[in-house]
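Worksheet: the structure to be examined is printed underneath.
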Amino acid sequence: MQTVAVIDFETTGLSPGQGDRATEIAAVILKDGAIVGRYQSLMNSGARIPPFIESLTGISNDMIRTAPPAAVVMQEVSDFVGDYPLVAHNASFDSKFWDAELGRIDRKRQQAFVCSLLLSRRIFPFAPSHKLSALIEYANLPVAGRYHRALADAEMAASLFQRLTHELREQHQLNNISVDLLCRIQHAPKSQLTKHIAHARAG
DNA sequence: TGCCAGGCCCTCTTTAGGGCCTT
């Protein structure tokens with residue numbers, strides 16, 4: 001499995017299109033099944049965190065007031081992950097914020113985004129829930145810290161991603177799993193899943 | 001004007017609706 005960067009955002013809300021901004025980012029580098037690098041930072045975008053989200057994440061307006069500017073943090077984390085493929089739990093959410101915050105510093109993502117939520121629906125179809133905390137419990141993986149903080153969530157998404165690729169190898173006798181295969185699997189209708197995997201095994 | 005996320009995925013579906021998941 002090639003090296004990937006697993007990321008997680010905390011934000012002021014659900015949609016950058018509605019004016020929501022990032023408040024914290026973490027990225028961990030997953031190489032040969034182990035975390036070999038970590039980046040984490042609060043960031044100050046000037047946006048106000050609603051009370052509900054302050055209590056959800058534990059990240060307060062006081063905490064981000066003294067944090068480095070969002071532009072500085074995004075430059076750093078973008079340099080940190082380089083061109084490694086990105087992984088996130090519910091990547092449709094994190095990719096929206098990644099692209100929006102990167103766009104503000106005139107950078108553009110080049111690499112693919114892999115979604116551990118979409119993969120888990122296919123690889124763990126019988127899990128009672130596919131939210132991150134439920135999957136960590138379902139797969140008996142360690143809780144890395146407080147949920148809804150960026151570094152803890154990124155580390156847990158990384159261990160979940162590692163478990164998912166392991167299960168995929170075991171279930172389908174695959175020697176090697178590429179990011180390209182994961183991208184095809186996560187968007188494939190379940191009826192075509194075996195076709196994609198059989199093609200990967202043959203290739 | 002009034003509304004305000006949006007993609008995935010299932011089903012009592014496809015001329016649609018609603019739950020899940022992220023903060």
Side-chain angles (χ1 to χ4, degrees), chain A residues 4-28 40-64 67 70 73-74 77 86-104 109 112-139 141 143-161 163-164 182-196:
Chain A
V4 298
V6 185
I7 71 157
D8 185 76
F9 273 109
E10 305 305 320
T11 70
T12 63
L14 293 173
S15 175
Q18 298 293 314
D20 291 320
R21 296 295 306 274
T23 58
E24 187 180 45
I25 176 92
V28 301
Q40 178 273 328
S41 182
L42 293 169
M43 66 179 98
N44 184 359
S45 72
R48 187 143 190 91
I49 306 173
F52 162 71
I53 296 177
E54 275 192 330
S55 66
L56 176 73
T57 63
I59 298 170
S60 67
N61 284 293
D62 279 347
M63 288 164 69
I64 58 168
V73 174
M74 288 308 299
V77 71
L86 298 172
V87 178
H89 197 66
N90 198 9
S92 71
F93 173 83
D94 290 277
S95 63
K96 274 189 307 189
F97 278 95
W98 182 267
D99 292 348
E101 294 291 349
L102 225 51
R104 289 174 175 273
R109 171 171 61 91
F113 242 111
V114 178
C115 179
S116 56
L117 170 63
L118 295 181
L119 290 175
S120 72
R121 283 182 177 152
R122 289 159 175 80
I123 296 168
F124 290 145
F126 301 114
S129 159
H130 295 89
K131 68 165 87 171
L132 181 62
S133 58
L135 288 164
I136 292 299
E137 185 176 349
Y138 178 77
L141 295 167
V143 175
R146 176 186 171 146
Y147 283 107
H148 295 299
R149 284 304 299 265
L151 185 57
D153 280 3
E155 289 191 6
M156 288 188 280
S159 66
L160 173 63
F161 177 76
R163 176 64 60 84
L164 288 168
L182 295 176
C183 287
R184 278 182 283 135
I185 286 175
Q186 70 184 0
H187 293 300
K190 284 181 177 173
S191 60
Q192 293 180 20
L193 206 53
T194 41
K195 187 186 78 176
H196 285 286

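Within every chain, numbering begins at 1; the chains are lettered A, B, ... in the order of the sequence lines, protein sequences first and strands thereafter.
- Following rounding to the nearest Å, A:Asp20 (CG) and B:dG6 (P) show an atom-to-atom distance of 11 Å.
- B:dG2 sits 27 Å from B:dG7 when the P atoms are compared, rounded to a whole Å.
- With a 4.5 Å cut-off on side-chain heavy atoms, A:Leu164 and A:Phe124 count as touching.
- Residue A:Thr23 is out of contact with every strand shown, counting any heavy-atom pair closer than 4.0 Å.
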Polar atoms only, N or O, under 3.5 Å: list the protein pairs with nucleotides 8-14 of chain B and their distances.
residue	atom	partner	partner atom	Å
B:dC9	OP1	A:Arg122	NH1	2.6
B:dC9	OP1	A:Arg122	NH2	2.8
B:dC9	OP2	A:Arg122	NH2	3.1
B:dC10	OP1	A:Lys190	NZ	3.0

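- When rounded to the nearest whole Å, the span between CG of A:Asn90 and P of B:dA5 equals 15 Å.
- As judged by a 4.0 angstrom heavy-atom cut-off over every strand, A:Glu10 is placed among residues touching the sugar-phosphate backbone only.
- A gap of 23 Å separates the C1' atoms of B:dC8 and B:dC3, to the nearest Å.
- The interatomic distance linking A:Leu14 (CG) with B:dC20 (C1') rounds to 13 Å, in whole Å.
- Between A:Met156 and A:Val143 the shortest side-chain heavy-atom distance falls below 4.5 Å.
- Atom CG of A:Leu132 is separated from atom C1' of B:dT23 by 13 Å (rounded to the nearest Å).
- Rounded to whole angstrom, the span from the NE2 atom of A:His130 across to the C1' atom of B:dC20 amounts to 10 Å.
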Report task. In sequence, state the C-alpha distance, the side-chain angles, and the governing distance for A:Phe97 and A:Ile25, and then conclude on side-chain contact (heavy atoms from CB on, under 4.5 Å). Result -> CA-CA 10 Å; A:Phe97 278 95; A:Ile25 176 92; over 6 Å; no
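- Within the nucleic acid shown, A:Ser129 comes within 4.0 Å of sugar-phosphate atoms alone, with no base atom in reach, counting heavy atoms only.
- B:dG6 atom P lies 11 Å from atom CZ of A:Phe97, rounded to whole Å.
- Between A:Ile53 atom CD1 and B:dT22 atom C1' there is a gap of 11 Å when expressed in whole angstrom units.
- Distances shown here put a side-chain N or O of A:His148 below 4.0 Å from the OP1 or OP2 atom of B:dT23.
- Counting only heavy atoms from C-beta outward, the side chains of A:Val87 and A:Phe113 never approach each other to under 4.5 Å.
- Relative to the side chain of A:Asp153, the nucleotides B:dG6, B:dC21, B:dT23 differ in distance, and B:dT23 lies closest.
- Here, B:dC20 and B:dT15 have their P atoms 26 Å apart, quoted to the whole Å.
- Among residues at least two apart or in separate chains, there is no side-chain hydrogen bond (donor to acceptor under 3.5 Å, both in side chains) pair with a member in residues 123-136 of chain A.
- A:Leu118 contributes atom CG, which lies 10.5 Å from atom SG of A:Cys183 (distance to the nearest 0.5 angstrom).
- Between B:dC4 and B:dC12, the two P atoms lie 28 Å apart (nearest whole Å).
- Using a 4.0 Å heavy-atom distance criterion, A:Phe9 is classed as a sugar-phosphate-only contact.
- Where A:Ser15 and A:His89 each meet DNA chain B at their nearest nucleotide, the meeting point lying more 5' is that of A:Ser15.
- A donor-acceptor contact closer than 3.5 angstrom links the side chains of A:Thr12 and A:Asp20.
- Comparing the P positions of B:dT23 and B:dG17 gives a spacing of 29 Å, expressed to the nearest Å.
- In this structure, A:Leu56 places its CG atom 15 Å from P of B:dC21, rounding to the nearest Å.
- A 4.5 Å side-chain heavy-atom check between A:Leu160 and A:Leu132 finds at least one atom pair inside the cut-off.
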